[in-house]
Amino acid sequence: MRTGTLYGIGVGPGDPELITVKGAVILARCRHVFVPKSKIMESEVLSITKRYLGRGACIHELQFPMTADQD
């Protein structure tokens with residue numbers, strides 16, 4: 001069994017040009033990228049990170065409730 005490394009990369013306040021250089025470099029090397037997504041909208045994180053992903057990166061969208069309603 002091979003082990004990998006899990007990176008947590010913040011994408012900033014929403015402007016794709018504000019991601020850190022280090023974050024962009026790591027994203028370019030990743031084979032698998034996991035991004036949060038709501039049921040209703042496209043993933044804002046994916047729209048920001050797409051331009052930094054390497055060729056052949058496999059994108060996995062993880063669905064989360066994006067609401068203030070605790071129920």
Side-chain angles (χ1 to χ4, degrees):
M1 177 176 170
R2 289 181 45 178
T3 59
T5 302
L6 174 67
Y7 296 99
I9 300 171
V11 295
D15 183 339
E17 294 179 359
L18 294 179
I19 191 168
T20 65
V21 172
K22 189 170 188 175
V25 168
I26 291 170
L27 282 171
R29 293 190 331 230
C30 289
R31 291 183 294 163
H32 294 273
V33 177
F34 295 81
V35 296
K37 179 186 183 320
S38 75
K39 283 184 176 181
I40 303 167
M41 303 169 57
E42 291 298 313
S43 172
E44 184 71 23
V45 172
L46 182 55
S47 69
I48 292 170
T49 58
K50 259 186 186 175
R51 67 178 67 191
Y52 302 106
L53 299 179
R55 278 190 115 102
C58 185
I59 299 165
H60 306 273
E61 292 183 314
L62 305 175
Q63 205 168 71
F64 290 94
M66 306 280 185
T67 178
D69 183 6
Q70 293 190 17
D71 290 333

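Side chains are part of it too, since the values below use all heavy atoms of this structure and drop only hydrogens, waters and symmetry mates. One-based numbering along the sequence shown.
- Remark: Pro65 engages Thr67 in a side-chain contact (heavy atoms from CB on, under 4.5 Å) (not counting sequence neighbours).
- With sequence neighbours left out, the ring pair (Phe, Tyr, Trp, His ring centres under 6.0 Å) criterion links His60 to His32, Phe34.
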For residues 2-10, please give each side-chain donor-acceptor pair under 3.5 Å, one per line with the distance, not counting sequence neighbours.
from	atom 1	to	atom 2	distance (Å)
Tyr7	OH	Arg29	NH2	3.4

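- For residues 35-54, there are no ring pair (Phe, Tyr, Trp, His ring centres under 6.0 Å) pairs, not counting sequence neighbours.
- Checked against side-chain contact (heavy atoms from CB on, under 4.5 Å), Leu46 has the following partners two or more places apart in sequence or in another chain: Val35, Ser43, Thr49, Lys50, Ile59, Glu61.
- With side-chain heavy atoms closer than 4.5 Å counting as contact, directly or through intermediates, the hydrophobic cluster containing Met41 also holds Ile40.
- Leu18 is not listed as a side-chain neighbour of Ile48, based on a closest heavy-atom distance of 4.5 Å or more.
- Listed by chain and residue number, Gln63 satisfy the side-chain contact (heavy atoms from CB on, under 4.5 Å) test with Lys39 (two or more places apart in sequence, or in another chain).
- Taking a 4.5 Å side-chain heavy-atom cut-off between Ile, Leu, Val, Met, Phe, Trp and Tyr, the cluster of Val21 extends to Val25.
- Under the side-chain contact (heavy atoms from CB on, under 4.5 Å) criterion, Ser47 pairs with Glu44, not counting sequence neighbours.
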